[in-house]
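Worksheet: one structure, shown below.
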Amino acid sequence: MKKINIAIDGWSSCGKSTMARQLANALNYIFIDSGAMYRAIALYFIQQRINLDDHLAIEKGLEQISLSFQKNIQTGNNEIWMNGENVEQLIREMEVASKVSDVAAIKAVRAFAVAQQQAMGQQKGIVMDGRDIGTVVFPNAELKLFVTADPAIRLERRYQELLQTNPAIIREEVAANLQQRDLMDSTRAHSPLKQADDALVLDNTNLDRAQQFELAMKWAMEKIN
Ligand code: DC
């Protein structure tokens with residue numbers, strides 16, 4: 001069967017990664033969470049106390065970062081490793097969430113991540129989710145989806161997700177973080193979140209995971225056949 005690349009973009013916490021993972025599993029494709037790469041870079045800058053205004057330190061820092069995705073045999077999920085350490089859990093913490101949009105707005109950081117993402121796509125059979133996948137990373141992707149959902153629904157989903165690992169999480173903090181990331185991701189100078197002209201819009205406000213997956217899978221099969 002012909003292999004294609006599937007680019008999935010959209011707002012924070014609108015279910016992109018879940019759908020991308022489901023699609024990749026069903027099609028036997030590789031799922032890449034591009035946001036995890038920006039989160040890992042943000043984690044490194046936090047750990048190394050790199051000042052985001054210090055361009056030289058950023059360039060030097062990036063040279064020290066080695067990122068890869070490896071399948072976790074227990075969960076079957078593709079997880080991110082940085083410099084020999086599995087950082088899949090660490091990158092989901094609020095400290096990283098609060099810095100990652102600033103980090104992802106830096107031109108050198110984007111160039112570093114995009115080059116690796118494009119290399120991964122050369123073999124086809126990739127489902128990648130992010131903000132600029134259909135516009136910048138894979139402008140020729142055979143299928144582009146732009147995912148949206150009502151902001152209140154997105155907040156509830158993200159809050160419930162974080163609550164699982166942090167019972168003390170405060171809803172207002174999660175709301176403020178989401179709003180700020182949406183604003184920064186869509187207004188930054190380099191590769192802002194934008195719907196590609198040829199993307200199909202998937203509004204999942206009133207869809208559950210199974211319904212969303214069914215629709216995306218239908219669109220994917222139309223492109224593959
Ligand atoms: O999808 P996420 O919430 O894990 O993404 C983390 C941050 O990285 C978010 O602020 C947007 C940014 N990002 C980006 O700029 N480009 C991408 N392709 C993916 C994520």
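Given the structure is predicted, the values throughout are model-derived calculations rather than measurements.
- Contact record, K71 with G76: CE-O, 3.4 Å, taken as the closest heavy-atom pair.
- Side-chain contact check for R158 versus L162: some heavy-atom pair is nearer than 4.5 Å.
- Contact record, Y38 with R110: OH-NH2, 3.3 Å, taken as the closest heavy-atom pair.
- When the shell of 6.0 Å around CG of N225 is examined, it contains more than 12 heavy atoms from other residues, nucleotides or ligands.
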- Item | I65 vs Q48, side chain to side chain contact (heavy atoms under 4.5 Å, CB included): CA-CA, chis, key distance, verdict | CA-CA 11 Å; I65 301 177; Q48 302 297 320; over 6 Å; no
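- In this view, R39 satisfies the salt bridge (Lys or Arg N to Asp or Glu O under 4.0 Å) rule with no residue, not counting sequence neighbours.
- Heavy-atom minimum distance, I91 versus V96: O-CG1, 3.5 Å.
- Among residues two or more places apart in sequence or in another chain, the side chain to side chain contact (heavy atoms under 4.5 Å, CB included) test is passed with Q118 by V114, V137.
- Side-chain atoms of K144 come within 3.5 Å of backbone atoms of P139 as a donor-acceptor pair (strictly under, hydrogens ignored).
- Taking CD1 of I4 as the start and CG of L27 as the end, the distance is 7.0 Å to the nearest 0.5 Å.
- When the side chains of ILVMFWY residues are joined at heavy-atom separations under 4.5 Å, either directly or via intervening members, L145 and I30 end up in two distinct hydrophobic clusters.
- The main-chain N or O of E79 is never found under 3.5 Å from a side-chain atom of N77 such that the two would form a donor-acceptor pair.
- Residues L207 and F213 are not in side-chain contact: their nearest non-hydrogen atoms beyond the backbone lie 4.5 Å or more apart.
- Between the CD atom in Q22 and the CD atom in E214 there is a gap of 11.0 Å [rounded to 0.5 Å].
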- Item | Worked verdict on I58 versus F45 for side chain to side chain contact (heavy atoms under 4.5 Å, CB included) | CA-CA 8 Å; I58 286 172; F45 288 176; 4.0 Å; yes
- Where do E156 and Q160 land on the side-chain hydrogen bond (donor to acceptor under 3.5 Å, both in side chains) test, with the steps shown first? CA-CA 6 Å; E156 189 55 29; Q160 292 300 336; 2.7 Å; yes
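- Between E222 and K218 there is a salt bridge, since at least one side-chain N of the basic residue sits less than 4.0 Å from a carboxylate O of the acidic one.
- Atom-to-atom distance recorded for M217:CE and L215:CG is 12.0 Å, nearest 0.5 angstrom.
- Two residues are said to be in side-chain contact when any heavy atoms from C-beta on lie closer than 4.5 Å; M94 and I169 meet this criterion.
- Listed for the K16 side chain is a donor-acceptor partner under 3.5 Å among the backbone atoms of W11.
- Between Y44 and M82 the shortest side-chain heavy-atom distance falls below 4.5 Å.
- Across all their heavy atoms, L143 and A216 have their closest contact at CD2-O, 4.5 Å.
- No side-chain heavy atom of M1 sits less than 4.5 Å from a side-chain heavy atom of N28.
- Distance check, rounded to the nearest 0.5 Å: CG of L67 to CG of N83 gives 7.5 Å.
- The backbone N or O of L178 sits nowhere less than 3.5 Å from a side-chain atom of S12 that would complete a donor-acceptor pair.
- Counted within 6.0 Å of CG on D197, heavy atoms from surrounding residues, nucleotides or ligands total 12 or fewer; the atom is thus considered open.
- More than 12 heavy-atom neighbours from other residues, nucleotides or ligands sit within 6.0 angstrom of CZ on R171.
- Within the model, atoms CG of N86 and CD1 of I80 stand 9.5 Å from one another, a figure rounded to the nearest 0.5 Å.
- A donor-acceptor contact shorter than 3.5 Å links the side chain of D9 to the backbone of G134.
- Contact check for K124 versus Y29: no side-chain heavy atoms found under the 4.5 Å cut-off.
- Put simply, the residue from D129, N25, L23 that forms a side-chain contact (heavy atoms from CB on, under 4.5 Å) with F31 is D129.
- The two residues Y159 and I170 make their nearest non-hydrogen contact at CE1-C, 4.3 Å.
- In terms of hydrophobic clustering, with Ile, Leu, Val, Met, Phe, Trp and Tyr side chains grouped at heavy-atom distances under 4.5 Å, M37 and I6 are assigned to different clusters.
- By the 4.5 Å heavy-atom criterion applied to side chains, S191 and T135 are not counted as neighbours.
- Interatomic distance, OG of S34 versus CE of M120, reported as 9.5 Å (0.5 Å rounding).
- Within a 6.0 Å radius of CD in Q211, more than 12 heavy atoms belonging to other residues, nucleotides or ligands are found.
- Applying the 6.0 Å contact sphere to CD of Q116 captures more than 12 heavy atoms from other residues, nucleotides or ligands.
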- Message: Set out, in order, the CA-CA distance, both residues' side-chain angles and the distance that settles side chain to side chain contact (heavy atoms under 4.5 Å, CB included) for F146 and K194, then state yes or no.
- Response: CA-CA 9 Å; F146 190 84; K194 199 170 75 191; over 6 Å; no
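- V100 and L62 fall within the same hydrophobic cluster, where Ile, Leu, Val, Met, Phe, Trp and Tyr residues are linked whenever their side-chain heavy atoms come under 4.5 Å apart, directly or through other members.
- For the pair I50 and A57, the tightest heavy-atom approach, listed with the atom from each and the gap, is CD1-O, 3.9 Å.
- Between R131 and R188, some side-chain heavy-atom pair lies under the 4.5 Å cut-off.
- Both I8 and I224 belong to a common hydrophobic cluster when Ile, Leu, Val, Met, Phe, Trp and Tyr are linked at side-chain heavy-atom distances under 4.5 angstrom.
- Contact check on R92 versus D33 returns a salt bridge, with a Lys/Arg side-chain nitrogen under 4.0 Å from an Asp/Glu carboxylate oxygen.
- Remark: K107 NZ is loosely packed, at most 12 non-hydrogen atoms of other residues, nucleotides or ligands lying under 6.0 Å away.
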- Item | S101 vs D185, side-chain hydrogen bond (donor to acceptor under 3.5 Å, both in side chains): CA-CA, chis, key distance, verdict | CA-CA 7 Å; S101 288; D185 293 344; 3.2 Å; yes
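- Criterion: ILVMFWY side-chain heavy atoms under 4.5 Å apart, direct or through other members. Under it, L90 and I41 are part of a common hydrophobic cluster.
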- Under the side chain to side chain contact (heavy atoms under 4.5 Å, CB included) rule, what do E88 and N72 come out as? Steps first, then yes or no, please. CA-CA 10 Å; E88 184 67 35; N72 178 328; over 6 Å; no
